[in-house]
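One-based numbering along the sequence shown. Whatever order the structure lists ligands and atoms in, that order sets their numbers, starting from 1. Scope of the values below: all heavy atoms of this structure, side chains included, with no hydrogens, waters or symmetry mates.
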Amino acid sequence: MENFTFYSPTKFVFGKGAENEAGKLVKAYGGSKVLLHFGGGSVIRSGLLDRVKASLDAENIPYIELGGVKPNPRSGLVYEGIDLCRKEGVDFILAVGGGSSIDSSKAIAAGVVYDGDFWDFYCGKPIDTALPVGTVLTIAAAGSEGSGDSVITKEEGMFKRGASGEGIRPKFSILNPELTQTLPAYQTACGITDIMAHLYERYLTNTKDVEVTDRLIEALLITMKNEGPKVIADPNNYEARANIMWAGTMAHTNSCGVGRSQDWNSHNIEHELSALYDCAHGAGLAVTMPAVFKYVMDHDEARFTQAAQRVWGKETAEEGINAFRDFLISIGMPSTLGELGGKEEDIPVLVKNLCYGDGRTGSISGFVTLDENDCTKIYQAMI
Ligand code: NZQ
Ligand code: ZN
């Protein structure tokens, strides 16, 4: 195991009715004027936003609102949010929604206290300071509620890039599994896929003798394999929703990724798909992962065999990957590029943006290093 420091100071408040604590939590973390930031309207339709506002009113905390965050959140609304917060003297940002609303909130929080262009953070500058951010999560998926990461798409050129730093780790996150019961089945399945991707990206390691984190990841993967189909069959299954929600958070706080090298090639390959086709991140991952795993399997077949046997109840590495792919299809996920709106003639653009975007010089690195030729073959395998 490699040396590591693990510090994950987010306060998680979990369970039925937890959103009614939002006002008290904002107050406890020093917020005196709040930006409520949310997406395309699901939190209005469900009545959640009204409950959060009532909890702020109960603490006499003033707030302003900025809705309209799109899935794969865009830089334009971030600039708008930064200007609004400065003009209104906002000192706390409360995201109400999914990973997109949370990531957009984090970008605004970092940008408000920074003199330069917030996009600098998405070109590699670490985020050390930001306005405090809290979250009320409505979908188990991205894990942004417990991560120090944010992913934003720059409209000019549609570049989707990530930023990281302790400054944007949420001060608190409210997790009420009931709030996820209004999700369409497709979005639920996208979330399940993303959670499993966060686990696999950590499982694919070159560090030896990491039994404790291997076993933690396997436990979470098995949980997703067992609980996922239950919520697809019955969206109101609270207990299954609860298990998935906490698994989603644990999958991405990095508690099961410490002390080991990690992969993230599948995420990087997918981010080009959601940037170009504006598909859901989870759906893109469902198409990407089996293709990547088969391509890199020979690098460490024993690792894939271990997952096949311990998670999927299969004998061989390839059978394990096929079982994972079939599971994703069974919950309603796509398995081909065409289903995402992709075309074979787009592959050169995807490969160029992937291998030369983000300061890269012709390859991406993780479990294995993949050059332009490798990435072309992987995208071709998704056709
Ligand atoms: O916009 P609204 O109307 O709220 O609708 C959303 C959206 O259409 C809807 N939704 C969310 N909760 C709902 C609901 N509909 C009904 N009932 C509910 N309870 O679901 C759609 C997807 O929402 P979104 O926030 O985009 O989902 P997700 O949490 O999957 O976030 C995806 C984004 O997170 C990034 C992805 O790249 C993508 O941009 N990621 C962020 C990470 C991080 N910050 O650590 C890591 C991840 O790997 C990921 O890259
Ligand atoms: Zn993800």
May I ask you to list the atoms of ligand 1 that are less than 4.0 angstrom from any heavy atom of Pro73?
39 (O)

For atom 7 (C) of ligand 1, what is the closest protein heavy atom, and at what distance to 0.1 Å?
Pro71 CG, 3.9 Å

Could you list the atoms of ligand 1 found under 4.0 angstrom from a heavy atom of His267?
48 (O)

Quick check: does any side chain N or O of Lys294 sit under 3.5 Å from a backbone N or O of Ile321, one acting as donor and the other as acceptor?
no

Contact between Ile44 and Phe38 at the side-chain level, heavy atoms closer than 4.5 Å - yes or no?
yes

Co-membership, hydrophobic cluster, residues Tyr277 and Leu328, 4.5 Å side-chain:
yes

Return the residue, atom name and 0.1 Å-rounded distance of the protein heavy atom closest to atom 17 (N) of ligand 1.
Thr182 OG1, 2.8 Å

So which protein heavy atom does atom 1 (O) of ligand 1 come closest to, and at what separation?
Gly40 N, 2.7 Å

Using a 4.0 Å cut-off to any heavy atom of His198, which atoms of ligand 1 qualify?
47 (C), 48 (O)

Examine Arg45 against ligand 1 and note whether any of their N/O atoms are separated by less than 3.5 Å.
no

Side chain to side chain contact (heavy atoms under 4.5 Å, CB included) with Tyr203: of Leu216, Leu220, Val210, Asp214, only one passes, and it is Asp214

Answer with side chain, backbone, both or neither: which part of Asp103 has a heavy atom less than 4.0 angstrom from an atom of ligand 1?
side chain

A student checking ligand 1 against His252 at a 4.0 Å heavy-atom cut-off should list atoms 45 (O), 46 (C)

Considering only heavy atoms of His271, which atoms of ligand 1 have at least one such atom less than 4.0 Å away?
37 (O), 50 (O)

Check the Zn ion (ligand 2) and write out every protein N, O or S atom at under 2.8 Å, as residue and atom.
Asp194 OD1, His198 NE2, His267 NE2, His281 NE2

May I ask you to decide if Ser101's main-chain N or O and His37's side chain share a donor-acceptor pair within less than 3.5 Å?
no

Assess whether salt bridge (charged side-chain N to carboxylate O under 4.0 Å, His left out) is satisfied between Lys33 and Glu88, documenting all intermediate values.
CA-CA 8 Å; Lys33 176 129 189 212; Glu88 297 282 343; 3.1 Å; yes

How far apart are the closest heavy atoms of Asn206 and Ser261, and which atoms are they?
N-OG, 2.8 Å

Test of understanding: given a 4.0 Å heavy-atom threshold, classify the contact between Ser147 and ligand 1 as side chain, backbone, both, or neither.
side chain

Beyond-backbone contact of Met245 with Thr180, side-chain heavy atoms, under 4.5 angstrom:
yes

State the atoms of ligand 1, each with its element, that fall below the 4.0 Å cut-off from a heavy-atom position in Lys160.
36 (C), 37 (O), 38 (C), 39 (O)

Looking at Gly39, which atoms of ligand 1 are within less than 4.0 Å of one of its heavy atoms?
1 (O)

Could you walk me through whether Tyr114 and Phe121 pass the ring-ring contact (aromatic ring centres under 6.0 Å, His included) check?
CA-CA 10 Å; Tyr114 180 58; Phe121 297 118; 4.6 Å; yes

What I want to know is whether Ser101 and ligand 1 share at least one N or O pair that is separated by under 3.5 angstrom.
no

Carefully, step by step, assess Trp119 and Tyr79 under the rule side chain to side chain contact (heavy atoms under 4.5 Å, CB included).
CA-CA 10 Å; Trp119 191 252; Tyr79 289 114; 4.1 Å; yes

Before giving the answer on side chain to side chain contact (heavy atoms under 4.5 Å, CB included), spell out for Ser55 and Glu21 the whole-Å C-alpha distance, their side-chain angles and the decisive distance to 0.1 Å.
CA-CA 7 Å; Ser55 83; Glu21 302 296 308; over 6 Å; no

Between Lys106 and ligand 1, is there a nitrogen or oxygen pair with a distance under 3.5 Å?
no

Could you go through the side chain to side chain contact (heavy atoms under 4.5 Å, CB included) check for Tyr379 and Leu354 one step at a time?
CA-CA 11 Å; Tyr379 282 124; Leu354 174 65; 3.8 Å; yes

shortest atom 46 (C) of ligand 1-to-protein heavy-atom contact is with Ala142 O, 3.5 Å

Who's the nearest protein heavy-atom neighbour of atom 4 (O) of ligand 1, and how far?
Ser42 OG, 2.7 Å

Check: Glu339 side chain, Thr336 main-chain N or O, donor-acceptor pair, under 3.5 Å:
yes

Would you confirm whether any non-hydrogen atom of the protein falls under 4.0 Å from atom 21 (C) of ligand 1?
yes

Any sub-3.5 Å donor-acceptor pair from Arg86's side-chain atoms to Val112's backbone N or O?
yes

Between His299 and the options Phe304, Phe293, Phe367, the ring pair (Phe, Tyr, Trp, His ring centres under 6.0 Å) test singles out Phe367

Below 3.5 angstrom, do we get any N/O pair linking Gly99 and ligand 1?
yes

Closest non-hydrogen protein atom to atom 14 (C) of ligand 1, residue and atom name please, with distance?
Leu183 CD2, 3.4 Å

Tell me whether Gly41 has any N or O atom under 3.5 angstrom from an N or O of ligand 1.
yes

Residues that Ser164 engages under side chain to side chain donor-acceptor pair (under 3.5 Å), provided they are two or more places apart:
Asp149

Nearest protein heavy atom with distance in Å, relative to atom 25 (O) of ligand 1
Ser100 N, 3.0 Å

What are the atoms of ligand 1, with element, lying closer than 4.0 Å to any heavy atom of Thr138?
11 (C), 12 (N), 13 (C), 18 (C), 19 (N)

So which atom in Tyr238 and which in Gly15 form the shortest heavy-atom distance, rounded to 0.1 Å?
OH-CA, 3.8 Å

What do we get for Ala141 next to ligand 1 when only non-hydrogen atoms under 4.0 Å count, side chain, backbone, both or neither?
side chain

Would you say Asp194's side chain and Gly282's backbone share a donor-acceptor pair under 3.5 angstrom?
no

Examine the proximity of ligand 1 to Leu179 and report which part, side chain or backbone, both or neither, has a heavy atom under 4.0 Å away.
backbone

